[in-house]
Amino acid sequence: MPAYYLEILILLLGFTMLGIEAFSSNRSRSGIAVLGISGLFVVLLFLIIAVPSSEVPYDYWGIYHVDKWALFYKAIAILTTLLVLVLAKDFSSAFKKYTSQSNEFSGIGEYYCLPIFVCAGLMWMASAKDLITIFVSLELVTIGFYVLVSFMRRNVGSLEAGVKYLVLGALSTGFLVYGIAWIFGVTGHFDLSGIAEALNSGEIEKKPIIFAFALLMVGLGFKVAAVPFHIWVPDVYQGTSMPITAFLSVGSKAAGFIVLLRVIEPFLNSPLTSSSVILILSFLVCVTLFFGNLVAIKQTNIKRLLAYSSIAHAGFLMMALPAMESGFHSKLIGPSPMESISFYLAGYLLMTMLCFLVITIVSSLTDGENIDDLRGLGARSPLLAFAMLVGVASLAGIPLTVGFFGKFLLFNIAIQYAVFSGSWYIVAFAVLGASAGFYYYFKIIRAMYCGGAEQDGDQLALTISTLSRVVIIVLLAGVILCGVFPKLILGFL
Amino acid sequence: MTTAFIILLLPLVAAASNLLLLRKKANFSAFVSTFSAAICLVLTFGLIRQDDLNNLGSFNWIKIADLKLDIGIELHGLGLGMILVVTLIGFLVHLFSLGYMREDAGKARYFSGLSLFMFSMTGIVFADNLAMMFIFWELVGVSSYLLIGHWYHKNTAAEAAKKAFLVNRIGDFGFMIGILLIWGSFGSVNFVEIEGSLRNGNGNYDKGLLNWSVFCIFCGAIGKSAQVPLHVWLPDAMEGPTPVSALIHAATMVAAGVFMLTKVLFLIEVAPTAASVIQYVGAITALIAALMATQQNDIKKILAYSTLSQLGYMIMAVGFAGLLSGGEVLGEKASNAGFFHLYTHAFFKALLFLGSGAIIYACHHEQNIWKMGGLIGRMKVTSFTFLIATAALAGIYPLSGFYSKDAIMTIAANKPLLLVIGSFVAFLTAFYMTRLCVVVFFGRARSWSSEEAKEVPLLMLVPLLVLTIGAIFAGQTFAYSWFVPSKDIPHPEGVVLPLILTAIAVAGIIAGFFLYRGRDQEPYPVQVLSRKFYLDEIYIILVRIFQDAVAWVAKQIDRLLIDGLLVRGVARLVTEIGSVLRGMQSGNLQGYAFLFGVGVILVLYIINAAIG
């Protein structure tokens, strides 16, 4: 089965779900979610079993590229969407009061369908190797998100988040298109290999191509939530519904990174542009690490905290980007930047989803999104508290979790690159950021285990659906097992 | 499955079964843990008698491209001594805990924690590479966290556990960076391989970088062995149950820093700058901690500061490994001296802690020495063992501490300043320990709790007596020559140094005895020492200032730039030109968009500057 069937299957799944949603009489719509979840699961199986994971990359029509990275990021996209649907199903009870007047589930069907289309976009992004495809798939994702972010239409916060995301997203798209136009104007190519050739041909001028690259970085920096293009992140994360926050935080970021990795590669390998590109990247890394981690310290809303943590993680991930410079490649001991970033993102998927799943369950029952609302969780639901503990420990990078090994790989690259190029300041920012991380993640743990529940409402036993329980245990096992045996993920790379 | 792997994994099995299966059966889980510790001890004796210590077992854990990490066991020389310390004292502490924690509600949890600790500590000793050591290094941190916070409903205990955990993170971060630097320079984290490529001159390391790497690795030891400036967690860690203090915070885990340094001895040897940093950090810790110990009133706190001070001794001695003396680095001699003190100290300090545990137990959990008194009449065996341990710590001939202190001072004599500091610390040690003993054991009982004290049960006395034997004889040649030959340990030449040191110790004892005899409260309060040089307060202020400053800066950027200047500025502008969006929150959004533009301009500006 060729790889491009996967996206078609996903689209078929989405249309089927839309059709059922339009004509079915099932009032709770949970069947649609279950269909989506199982459909995605089947597609994921197809990806693993049916699609040949060929070592030799190949192209379709020059616009659809398949290599192991594309397949890996497609798997991440499908898995993320699957988990988002699980989250959405759990969240639906808290959610319905913001979608329909009569407190019914009727307005909720599209909420399960749209992520499927976004997923197709994310998968196309993973295969995009020319700027047009990149742009189109990216827009497919973004437009899906415009709707999803503001889906709780009777909630002012959600609407505000939607407007912010729309306007700022459009702005960043504008820069992206402008950048693409410049690149085409300078090099005469849309496809990345053509651009790489043109960069090395010695016939183009430096200033316009760097200008074009910077514009591209604005658009992609917006997607991966890098400072200073992060301003939308805290407000949108906080305003929108929990499953979509998770979707933005994992899916959008992972797909953003594969595109980013693909786009910057020719620029880093060309002697004409590499020094300026490294400079831009180093600047973005430092401010992202600094800002993301330090602002997180003072947050009290857990979604806002995770928003800044998401920014901080973007910083850690980008730390490995300058090291893709061609001169350094042969000197690196250990996994390459591409492998390390992919490992980190896969781990990030597991741990972030684990945290969001717990928070979603807690907040849909208690209607609170502050760290204080987790108070006494250790006593009320040991499973949820333990899952959160492991998830947060992994985000902080405590050993024997997948987050530790990811940080280990990225720090390894950053430190060796610092030895190679003298860019110690990046390591310094990263150390500062990671230490601050221990502190603010610890706040969550302390809230859960210290101090009992104070109000009567907190004494409510937390009910967890069987599906969520299974997913939590699977993710929990994943975070720990991949931390002890990183080969489980690295084996795919 | 080799013997060594069984020693490593057995406690893990015990911990897991206690935690998962036996949570309800507290007594049985206590038995399981103790039994596993006993088996480990027996197996350790077997391991020591084993002739061939190569190929103890190793399996590949991770192998991706040229990243290769093993879980392998390496046990030579000092490691053998260390594993005996861990399993022997571990077993005795288990035994003691059976009595001490008899009534505790969280007994099963406590014993799971102990077993988890035994597993992690064994892993550190066995590790044949830095990465494996680091993993277990973190695991002892976790088990130490769990055990310090055992009585987590007590706020002080929960806070102490948190403090220990966070302070250690700082050190461990340095450790991790050090490991990565080493890995980058030598392409391996395996001790034997690094040493090999160092000796062959392979590896693209340069001197400066190597010094930094050693320093970063040393940061791990600063955290775990509680050296200045990260020492603040150890005294607070005394909130944990006393047997835990004896095992983890006196004999084994805190000594892991010293042990780790002896493992990377070959790196210290070629990094003289980092080595002298190590010496001075050790010496300063020894001095400051000894000074603080003289004014504490909590029996466990006194012992905690004493531990700090002795750890400082060991660290200082190991630091001398990088010192050139007569054209050669001191190397192994120095690290052996440090380890020798670790070895003897483990016995008498564990004895002191368990003794203090017995006293606290007998005095109904009273810890203030000024509420005790006259215990020698009521707790004869405990008092006797405690006094022996005190004499050993003070360095009285022929007890074990005498020999190891001599070894350290012989090494320290290479730098007169450090010799002076070391000798002064020796005086202070004898002084504060005598103060403790005089107040606790002699005089009159100062409260009902000490009046009613009576000797502890046999189960708790046995460990004390066994450790007493160790405290007396551990310094003798037969007690250590099986893991390090006597000739490799520095002995003072002639009798001058030992005589002077003994005179110093005796002077300290006499001073302590006469100053504190018959006193019922601290006669010479020195605020600055009893408040520990105000370091805790200073740290709290520093942390607060730093945290506030950072948060303030971030917030100001957020508020001033985004909200105030841009958003409201733009919003005002927008209002003035009568935008249709007026009155809504969209002013905010405009500001965001504006800021986005500022970001773009910033990036473009940097590029322009870069292109020049």
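The sequence lines fix the lettering, A, B, ..., with proteins before strands; numbering per chain opens at 1.
- In this structure, B:W212 and B:F215 have perpendicular ring planes: the angle between them is above 60°, well past the 30° mark.
- For A:F405 and A:F408, the gap between ring centers is short of 6.0 Å.
- Relative orientation of the A:F291 and A:Y308 rings is tilted, given thresholds of 30° and 60° on the angle between their planes.
- A salt bridge is defined here as a Lys NZ or Arg NE, NH1 or NH2 lying under 4.0 Å from an Asp or Glu carboxylate O, and B:E159 with B:K163 fails to meet this definition.
- Residue A:F420 does not touch chain B at all, counting heavy-atom pairs closer than 4.5 Å.
- Heavy atoms closer than 4.5 Å to chain B are found in both the backbone and the side chain of A:V484.
- With a 4.5 angstrom heavy-atom cutoff, A:S336 does not touch chain B via any of its atoms.
- Note on A:P399, A:P228, A:A296: by heavy-atom pairs under 4.5 Å with chain B, the leading option is A:P399.
- The minimum heavy-atom distance between B:F175 and B:C219, with the atom names listed, is N-CB, 4.4 Å.
- Across A:V227, A:L215, A:L171, the residue that shares the most heavy-atom pairs under 4.5 angstrom with chain B is A:L171.
- When A:W232, A:F283, A:F213 are compared by the number of non-hydrogen pairs under 4.5 Å with chain B, A:F283 comes out ahead.
- The contact between A:F438 and chain B is made by backbone and side chain atoms together, counting heavy-atom distances below 4.5 Å.
- In this structure, B:F173 has its ring center closer than 6.0 angstrom to the ring center of A:F411.
- For A:L432, the part lying near chain B is the side chain, with the backbone staying farther off; criterion is any non-hydrogen pair under 4.5 Å.
- Neither the backbone nor the side chain of B:I170 comes within less than 4.5 Å of any heavy atom in chain A.
- Within the 4.5 Å cutoff, the side chain of A:P486 has heavy atoms near those of the A:L490 side chain.
- Looking at B:I177, both its backbone and its side chain come within 4.5 Å of chain A, counting heavy atoms on both sides.
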